[in-house]
Protein chains: 2
Amino acid sequence: MPIRSSRSTIVDVAELAGVSRQTVTRALNGLADVKPATRERVVAAARTLNYRPDRAAQSLVRGRRTTIGFVVDDLTNPYFAELGSALSREAAALGWSVLLCDVGSEADKGRAQLTTMTDAVDAVVMTGCRSDTFSMLPDEVVQGDGVRLPIVMIDGPEHPRLDARVDLDLAPAITAALDHLRRDGRRAIAFIDSTEGPDDRRTIHRDYLEAHGLPGREWPVVAGEETIAGGARAADDLLARVEGVDAVLVYNDVMAVGVLKALTGAGRSVPSEIAVIGIDGLELGRATTPELTSLAVDKGAVARAAIAAARSALEPVAGAQRGGSSSARIGLQLVLRGSA
Amino acid sequence: MPIRSSRSTIVDVAELAGVSRQTVTRALNGLADVKPATRERVVAAARTLNYRPDRAAQSLVRGRRTTIGFVVDDLTNPYFAELGSALSREAAALGWSVLLCDVGSEADKGRAQLTTMTDAVDAVVMTGCRSDTFSMLPDEVVQGDGVRLPIVMIDGPEHPRLDARVDLDLAPAITAALDHLRRDGRRAIAFIDSTEGPDDRRTIHRDYLEAHGLPGREWPVVAGEETIAGGARAADDLLARVEGVDAVLVYNDVMAVGVLKALTGAGRSVPSEIAVIGIDGLELGRATTPELTSLAVDKGAVARAAIAAARSALEPVAGAQRGGSSSARIGLQLVLRGSA
DNA sequence: GGTCGAACCGTGAACGTTCACGGAACTGAT
DNA sequence: ATCAGTTCCGTGAACGTTCACGGTTCGACC
């Protein structure tokens with residue numbers, strides 16, 4: 001008997017059990033029309049061969065399952081985790097599956113991960129991507145000469161290749177937050193960003209300051225990394241360089257928590273001396289004292305919009321809307337907790 | 001021309017472009033031996049039909065990809081998020097994919113999700129599962145008459161069906177933490193659990209108290225839910241019922257952060273009056289003031305062990321070790337930050 | 001005009017599983 | 001002994017794609 005090095009198939013089991021393919025199928029899938037003795041023989045054969053049905057072959061014949069890939073910079077960031085959670089449930093409601101891909105920091109590994117993901121998936125949902133995850137995509141996917149793998153981008157940079165976008169409606173939200181601060185008599189409202197690259201949140205903030213004749217355009221602060229520690233460093237930096245700041249708007253909640261910590265650590269009381277507002281509305285914001293006021297994102301809504309976008313891009317109807325990238329906007333809500 | 005309601009296949013494209021399957025393959029996959037004009041015709045046909053290659057058929061013929069399912073109670077818990085992140089990268093190193101499944105609270109939906117997941121996956125990695133996720137698995141999977149889908153459990157309840165376990169080596173770690181507290185002169189060391197069910201951490205704690213003649217066995221505190229708010233409530237409860245507690249060990253970091261907040265909120269200073277130690281070693285523990293001391297879990301190590309276990313369970317070598325469930329133990333490290 | 005090589009394209013077969021159908025063997029009653 | 005009815009099992013075909021091979025066309029060159 002020749003040694004089969006590769007994985008054993010259903011016919012191997014059939015031969016060993018002395019039956020046909022079909023009987024093996026019946027026996028292993030618990031169908032009727034199999035004599036108990038035969039079933040046992042088949043099961044035993046499957047066990048000794050460590051037989052495992054090929055999922056690809058199964059789903060080929062049983063019908064198509066759609067799988068979407070969820071690409072994140074860093075699942076460790078609770079915002080992305082909450083988003084992934086919502087996406088997983090939303091996809092499940094349609095019978096879809098979600099393939100997770102945490103590309104992380106190392107660009108080369110990220111590339112490899114994305115290639116294996118993209119050819120196992122019917123559509124891609126990317127998010128964040130301030131580090132340019134998009135350019136890590138395999139060339140054949142991004143140029144898409146042949147078949148375009150649908151890509152929907154959540155709150156990330158623009159790109160002609162995208163099939164759909166889900167954006168946060170930041171302008172009214174940030175305006176509301178700043179209005180709130182101004183009503184409280186705050187005048188010196190700084191903004192702490194995560195990187196120096198172009199950023200809607202920062203420009204909205206700056207435009208607001210200009211429109212209302214407030215100071216602060218000259219206080220660009222950059223955390224460098226979207227972590228608690230990064231936020232804390234940025235806050236220390238801000239305190240060291242600027243006098244009289246009485247409010248801070250922060251790029252996201254994770255960094256805002258760091259800011260909060262650094263401020264109280266430096267003896268500034270929050271919110272009486274300095275108010276802090278974050279963006280995302282994470283559960284994490286409940287961990288601090290005072291709790292973090294934030295512009296909350298409805299992650300369920302974002303996930304629903306993303307899934308809907310992927311769905312319509314996958315629609316079998318021949319689209320005259322080729323290249324007509326759809327776009328959804330999700331509002332944010334100012335949730336007042338303790339910090340502002 | 002009959003209207004095809006289902007998804008279009010490669011032969012549809014071939015017919016529309018007036019070529020053969022193979023030429024379509026060549027054109028769309030960017031291979032050689034296609035005249036530019038023909039390629040364009042094929043691409044155009046694919047576009048109008050919104051053709052999308054069947055991933056199942058592709059991977060059937062191109063070769064097998066292994067996919068593992070990652071089952072979590074709640075990805076919102078940063079511990080599981082960090083674990084998922086590690087798992088994703090570890091799997092990627094082998095060219096594997098990770099299917100995410102956040103079963104959440106609703107048992108019925110969880111059931112449905114798990115069935116669609118389990119038949120798209122070559123192995124399952126479950127974790128947490130204090131809420132009995134295991135019993136949500138479809139019957140044919142859990143009884144596994146025919147082919148056993150490998151299941152590896154991370155730090156969850158025992159079950160004869162499991163193929164492998166990855167456990168946290170809690171006893172020495174918790175002992176180290178309690179030793180540390182005792183060296184600091186703490187005597188009244190409470191434990192805050194998440195549920196009332198059987199739990200290693202609680203029993204290790206109680207055994208330690210007994211062994212060292214410390215009080216506290218009579219202070220069972222249960223948070224109910226593994227959240228910051230749950231931990232806070234539990235701490236309030238503890239303060240209201242017991243006098244003189246000078247240290248608290250908490251089931252996990254998320255709850256411990258809530259405990260920390262409740263204690264400082266109630267005017268107790270940490271760590272001078274009461275020390276707090278959590279379990280998990282999350283980044284979240286850096287958000288508080290003081291930062292949370294914790295028994296840190298190396299999530300990368302856990303993920304590696306889980307992947308390795310799945311790998312060996314999938315090994316094509318006929319195993320005489322059928323049912324011989326492997327088991328790995330991962331140590332924890334006491335990381336001293338501010339709270340103890 | 002024949003030969004040769006390149007460029008381009010099509011035809012079976014295969015991947016591993018399940019579905020639809022039909023056939024054999026066995027039962028029990030007429 | 002015949003028949004009908006179960007019970008059990010096997011044989012082609014199909015799912016949609018790619019691989020290996022072979023064929024045709026075309027131009028160029030002797």
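Note on naming: letters A, B, ... go to the chains in the order of the sequence lines (proteins, then strands), and numbering restarts at 1 for each one.
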Quiz item: Going by distance alone, is a donor N or O of one side chain under 3.5 Å from an acceptor N or O of the other, for S85(A) and D102(B)?
Solution: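 Side-chain D/A pair, S85(A) to D102(B): present.
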
Practice problem: Given side chain to side chain contact (heavy atoms under 4.5 Å, CB included), test M136(B) with Q113(B) step by step and report yes or no. | Solution: CA-CA 9 Å; M136(B) 290 192 209; Q113(B) 290 186 48; over 6 Å; no

Whole Å only: how far is the [atom1] atom of [X] from the [atom2] atom of [N]?
| X | N | atom1 | atom2 | value |
| --- | --- | --- | --- | --- |
| K35(A) | dA25(C) | NZ | P | 12 Å |
| R39(B) | dC8(C) | CZ | P | 9 Å |
| E15(A) | dG10(D) | CD | C1' | 14 Å |
| L31(A) | dT18(C) | CG | P | 9 Å |
| I10(B) | dT17(D) | CD1 | P | 5 Å |
| R62(B) | dT17(D) | CZ | P | 11 Å |
| R41(A) | dC8(D) | CZ | C1' | 12 Å |
| L49(A) | dG16(C) | CG | P | 14 Å |

What is the nucleic acid contact for [X], judged by heavy atoms within less than 4.0 Å: base, sugar-phosphate only, or nothing?
| X | answer |
| --- | --- |
| V34(B) | sugar-phosphate |
| D33(B) | base |
| T25(A) | base |

Output yes when at least one side-chain N/O atom of [X] is less than 4.0 Å from OP1 or OP2 of [N], else no.
| X | N | answer |
| --- | --- | --- |
| T23(A) | dG10(D) | yes |
| S59(B) | dT17(D) | no |
| Q22(B) | dT11(C) | no |
| Q58(B) | dT18(D) | yes |

Practice problem: Test T23(A) against R26(A) for side chain to side chain contact (heavy atoms under 4.5 Å, CB included), laying out the working first. | Solution: CA-CA 5 Å; T23(A) 301; R26(A) 279 192 274 252; 4.2 Å; yes

From the list [options], which nucleotide is the closest neighbour of the side chain of [X]?
| X | options | value |
| --- | --- | --- |
| R26(A) | dC9(D), dT18(C), dT17(D) | dC9(D) |
| R21(B) | dG12(C), dG16(C), dC9(D) | dG12(C) |
| S20(B) | dT11(D), dC8(C), dG10(C) | dG10(C) |

Quiz prompt | Quiz item: R7(B) side-chain donor-acceptor pair to dG16(D) base, under 3.5 Å | solution =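 Donor-acceptor pair under 3.5 Å: no.
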
Quiz prompt | Spacing of R89(A) atom CZ and K299(A) atom NZ [to the nearest 0.5 Å] | solution =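 One finds 13.0 Å between CZ of R89(A) and NZ of K299(A).
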
Practice problem: Name the residue closer to the 5' end of DNA chain C, choosing between V19(B) and L60(A) according to the nucleotide with the nearest heavy atom. | Solution: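 Comparing both residues, the 5'-ward one is V19(B).
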
Quiz item: Considering heavy-atom distances to DNA chain C, does P36(B) or V61(B) have its closest nucleotide positioned more toward the 5' end?
Solution: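 Nearer the 5' end of the strand: P36(B).
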
Quiz prompt | Pairing of D119(A) and R62(B) as salt bridge, 4.0 angstrom limit | solution =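 Judged by the 4.0 Å cut-off on N to carboxylate O distance, D119(A) and R62(B) do not form a salt bridge.
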
Quiz item: Crowded around E40(A) CD? As in, over 12 foreign heavy atoms under 6.0 Å?
Solution: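 Result for CD/E40(A): open.
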
Quiz item: If you count the non-hydrogen atoms of other residues, nucleotides and ligands that lie under 6.0 Å from CZ in R311(A), is the total more than 12?
Solution: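 No - once you tally the heavy atoms of other residues, nucleotides and ligands closer than 6.0 Å, there are 12 at most.
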
Quiz prompt | V43(A) vs L28(A) side-chain heavy atoms within contact, under 4.5 Å | solution =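 Yes. Closest side-chain heavy atoms under 4.5 Å.
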
Quiz item: Considering heavy-atom distances to DNA chain D, does T38(A) or D54(B) have its closest nucleotide positioned more toward the 5' end?
Solution: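 Taking each residue's closest nucleotide, the earlier one in sequence belongs to T38(A).
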
Quiz item: Just how large is the angle between the end axes of the helix from dG1(C)-dC30(D) to dT30(C)-dA1(D), five pairs per end, to 10 degrees?
Solution: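 The end-segment axes of the helix from dG1(C)-dC30(D) to dT30(C)-dA1(D) are tilted 60° relative to each other.
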
